[in-house]
Amino acid sequence: MIQVHELHKRYGETVALRGLSFGIGRGEILGLLGPNGAGKTTTLRILTGFMTPDAGRVEFEGRPLAELGRDLRRRTGYLPEANPLTPDLTVRGHLDFTGSLYGLAGARLREARERVVERCGLAGLDRRPARALSKGQRQRLGLAQALLHEPELLFLDEPTAGLDPLLVSDLRDLIRGFGGERTVVLSTHVLSEVEAVCNRVLILDRGRAVAEGSLEELGRSLDGGRRLELRARFPDGPPDWAQAPGVREATPRGEAGDRWLLSVDDDPEAPAVLAAWVQERGGRLYELQPGRAGLEEIFLRVVRGEVGP
Amino acid sequence: MRAWLGILRRELVTSFRSPLAGSLGGAFVLLAGIIAWLDLQEYMRASVQLAARLRMMGMPPQFLDLNDALLAQNLGGLAFLCLVFLPLLGMGLLADERRGGTLELLMTSPLGEWPLVLGKWCGALLLYTFLLALTLPAQLLLAPHGDLALPVVATAYLGLLLMGAAFLALSLILGAFTRSPVIAAAGSFALMFLLWALDGFARPGATGFPGGLLPALSTLGHLAPFLRGLVDTADLVYFAVLAGLGLDLARRALASLRAGE
């Protein structure tokens with residue numbers, strides 16, 4: 001749906017993007033991850049058309065972004081990082097105003113308003129000015145504005161920043177529900193958020209894409225092998241996994257002392273070989289399934305340069 | 001069209017709900033009232049002196065001409081007050097949108113630059129018109145006390161309205177370049193004051209460039225006929241060109257922001 005080619009952007013002496021390239025497929029929820037200053041917000045601002053790159057290009061369905069202009073803006077929704085609202089305008093005033101920007105009026109506006117009020121949990125707040133809303137309500141209003149015209153493409157910049165855990169969970173459920181129906185680009189530095197809602201991840205560091213793919217693909221790329229999650233009990237305590245055939249690394253999981261994440265050779269026989277080894281040691285095997293590295297491990301190793309793009 | 005109206009409606013709603021706009025409006029009307037009252041006191045004092053002098057000369061007592069001695073003074077004071085307040089009314093039009101981040105939402109919506117600029121300008125102009133209308137009773141209250149030239153009052157208010165339209169358009173340009181309403185207000189005031197007083201820089205009787213050009217560009221030079229009850233096409237064109245230029249430059253400034261220049 002979107003192809004980004006070699007984007008460069010600089011603010012004075014500061015280089016924000018240096019040759020960033022990636023693609024976004026229709027219906028995907030792409031997590032844009034990266035430390036502060038990685039170029040996430042600049043990328044979103046270029047994709048939304050708020051900013052133009054110094055060099056490089058963005059194509060939407062094969063056509064240059066600059067050529068589409070207003071047509072594309074009609075099809076996108078955006079929740080910026082700061083979630084800007086007009087303090088003296090009510091919830092309804094915000095939604096009516098947003099509707100006027102996207103050409104919604106009369107019955108269409110009413111239906112759209114009722115739909116987003118219901119979906120974003122803003123019922124009963126119609127007449128409340130933005131200045132009197134809680135942080136969570138403000139965030140919901142920002143999202144309702146972005147969704148009012150039913151955009152195909154949704155850009156969300158740190159949508160759960162500063163929210164309490166309950167609201168974070170609600171908002172994640174809401175975003176997860178867009179999968180397949182809309183294409184979502186979610187910029188965040190909350191790793192658990194990406195794990196919870198995204199089906200693909202792009203890790204940025206100092207203006208470059210340093211890793212891209214699904215969590216499984218990224219986990220596999222860490223050590224070139226595969227991962228297995230194993231739960232077993234041994235009569236003589238935890239075994240020496242270095243002696244197990246094909247095991248490169250074993251990381252204990254949980255507190256019961258019976259669960260490990262094993263990094264093994266990329267061999268289709270590895271699970272069977274490992275199960276046999278456990279039984280040879282007198283162990284009882286309870287679970288053996290494909291495992292994956294946590295996003296935190298992936299992120300830290302990628303950003304620290306321990307694994308290349 | 002709908003987007004333009006949406007911007008205008010939001011501008012009006014926020015202006016009338018905003019404490020800042022309320023206090024600015026209140027201060028404007030209060031100061032206009034004080035100016036009118038001080039002018040009236042001065043007129044009364046001068047008229048009493050004139051009556052006493054005439055009586056001493058054995059002539060029938062007579063007051064100063066209401067229109068020449070009071071109305072003209074009052075309208076001049078009101079025009080200067082407008083010059084001071086217009087930058088304050090226009091300072092937040094775009095600078096506040098930039099500072100609050102709402103400009104990012106507007107610029108990533110299908111809204112064009114013209115509807116944004118026109119909606120903002122019309123909103124501010126309506127607020128200014130409303131405030132100006134509140135000062136009208138101070139002039140009309142004089143009517144029972146003499147032969148008040150109502151056509152002069154009408155043309156003067158038309159002139160003040162046109163000056164407001166032009167100056168608010170100019171303040172939009174500065175607001176497009178800064179996040180700070182204070183900088184926008186200071187820059188607008190400097191620009192407006194320069195335009196206002198341009199003819200003061202010209203040598204008397206000078207013609208050609210720049211001597212003759214400066215009075216032709218001076219706002220005061222084009223406002224003065226309105227304050228005297230005269231409506232000249234050249235003055236109407238001057239304010240229309242100034243407003244059009246301001247709006248177009250503000251639109252271009254926004255377009256360059258969108259283009260990331």
Side-chain angles (χ1 to χ4, degrees), chain A residues 9-11 16 41-42 44-54 66 68-90 92-106 108-109 129-131 142 145-146 148-149 151 153 155 157, chain B residues 1-25 92-120 122-123 127 176 179 181 251 253-261:
Chain A
K9 183 75 187 176
R10 163 192 286 275
Y11 304 104
T41 297
T42 301
L44 280 192
R45 285 181 165 172
I46 290 174
L47 292 178
T48 54
F50 182 61
M51 215 174 240
T52 47
D54 298 335
L68 291 159
R70 199 173 297 180
D71 289 339
L72 180 62
R73 292 201 292 270
R74 235 175 235 124
R75 295 161 70 181
T76 59
Y78 181 32
L79 174 62
E81 185 179 5
N83 184 21
L85 299 172
T86 309
D88 297 310
L89 212 56
T90 60
R92 185 174 175 159
H94 274 92
L95 296 177
D96 287 351
F97 173 64
T98 305
S100 74
L101 298 180
Y102 288 88
L104 298 174
R108 277 182 66 210
L109 174 61
R131 69 164 78 249
Q145 286 189 113
L148 188 74
H149 58 292
L153 193 53
F155 297 103
D157 199 354
Chain B
M1 184 67 178
R2 202 168 282 155
W4 170 77
L5 280 175
I7 295 277
L8 172 61
R9 200 177 303 126
R10 186 183 71 148
E11 201 59 32
L12 289 176
V13 168
T14 51
S15 290
F16 282 95
R17 281 188 187 155
S18 145
L20 180 66
S23 17
L24 269 180
L93 288 176
L94 287 175
D96 271 349
E97 300 277 2
R98 286 196 70 165
R99 190 179 52 160
T102 39
L103 192 65
E104 188 169 351
L105 277 182
L106 294 174
M107 302 296 270
T108 52
S109 78
L111 179 75
E113 289 89 16
W114 267 125
L116 175 56
V117 165
L118 285 177
K120 288 257 150 199
C122 286
L127 178 64
R179 288 168 188 273
R251 180 194 67 80
L254 286 176
S256 71
L257 271 182
R258 188 171 255 161
E261 284 167 16

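These numbers come from the heavy atoms of this one structure, side chains and all, not from hydrogens, waters or symmetry mates. Note that the coordinates shown come from a computational prediction; the quantities given were computed from them, not determined experimentally. Sequence lines set the chain letters: A, B, ... in the order given, protein chains first and strands last, and positions in each chain run from 1.
Ranked by heavy-atom pairs shorter than 4.5 Å toward chain A, the options B:L111, B:L116, B:L103, B:D96 are led by B:L111. Residue with the most contacts toward chain B among A:A105, A:G93, A:G77: A:A105 (heavy-atom pairs, distance under 4.5 Å). With chain B as partner, the option from A:Q145, A:R74, A:R70 having the largest number of non-hydrogen pairs under 4.5 angstrom is A:R70. Between chain A and the options B:S18, B:G112, B:S109, the largest number of non-hydrogen pairs under 4.5 Å is found for B:S109. With chain B as partner, the option from A:P129, A:P80, A:P87, A:G49 having the largest number of non-hydrogen pairs under 4.5 angstrom is A:P80.
Note: B:L106 CG to A:T98 OG1 = 9.0 Å, rounded to the nearest 0.5 Å. To the nearest 0.5 Å, atom CZ of residue A:R45 and atom CE of residue B:M107 are 12.0 Å apart. Taken from OG1 in B:T102 to CG in A:L85, the straight-line distance is 9.0 Å, to the nearest 0.5 Å. For the atom pair OG1 of A:T90 and CZ of B:R17, the computed distance is 5.5 Å after rounding to the nearest 0.5 Å. A distance of 8.0 Å separates CZ of B:R10 from CG of A:L101, quoted to the nearest 0.5 Å.
Qualifying ring-ring contact (aromatic ring centres under 6.0 Å, His included) partners for A:Y102, counting only residues two or more places apart in sequence or in other chains: A:H149. With sequence neighbours left out, the ring-ring contact (aromatic ring centres under 6.0 Å, His included) criterion links A:H94 to no other residue.
Neither the backbone nor the side chain of A:E81 has a heavy atom closer than 4.5 Å to any heavy atom of chain B. Proximity to chain B is absent for every atom of A:L79, based on heavy atoms less than 4.5 angstrom apart. In this structure, chain B has no heavy atom under 4.5 Å from any part of A:I46. Residue A:A82: no heavy atom, backbone or side chain, is found under 4.5 Å from chain B. Proximity to chain B is limited to the side chain of A:F97, based on heavy atoms less than 4.5 angstrom apart.
The closest side-chain heavy-atom distance from A:P84 to B:L105 is below 4.5 Å. The side-chain heavy atoms of B:V13 and A:D88, taken from C-beta on, include no pair separated by under 4.5 Å.
Across every non-hydrogen atom of B:P19 and A:R131, the tightest pair is CD-NH2, 4.4 Å.
In B:R9, the CZ atom is not crowded: 12 or fewer heavy atoms of neighbouring residues, nucleotides or ligands sit closer than 6.0 Å.
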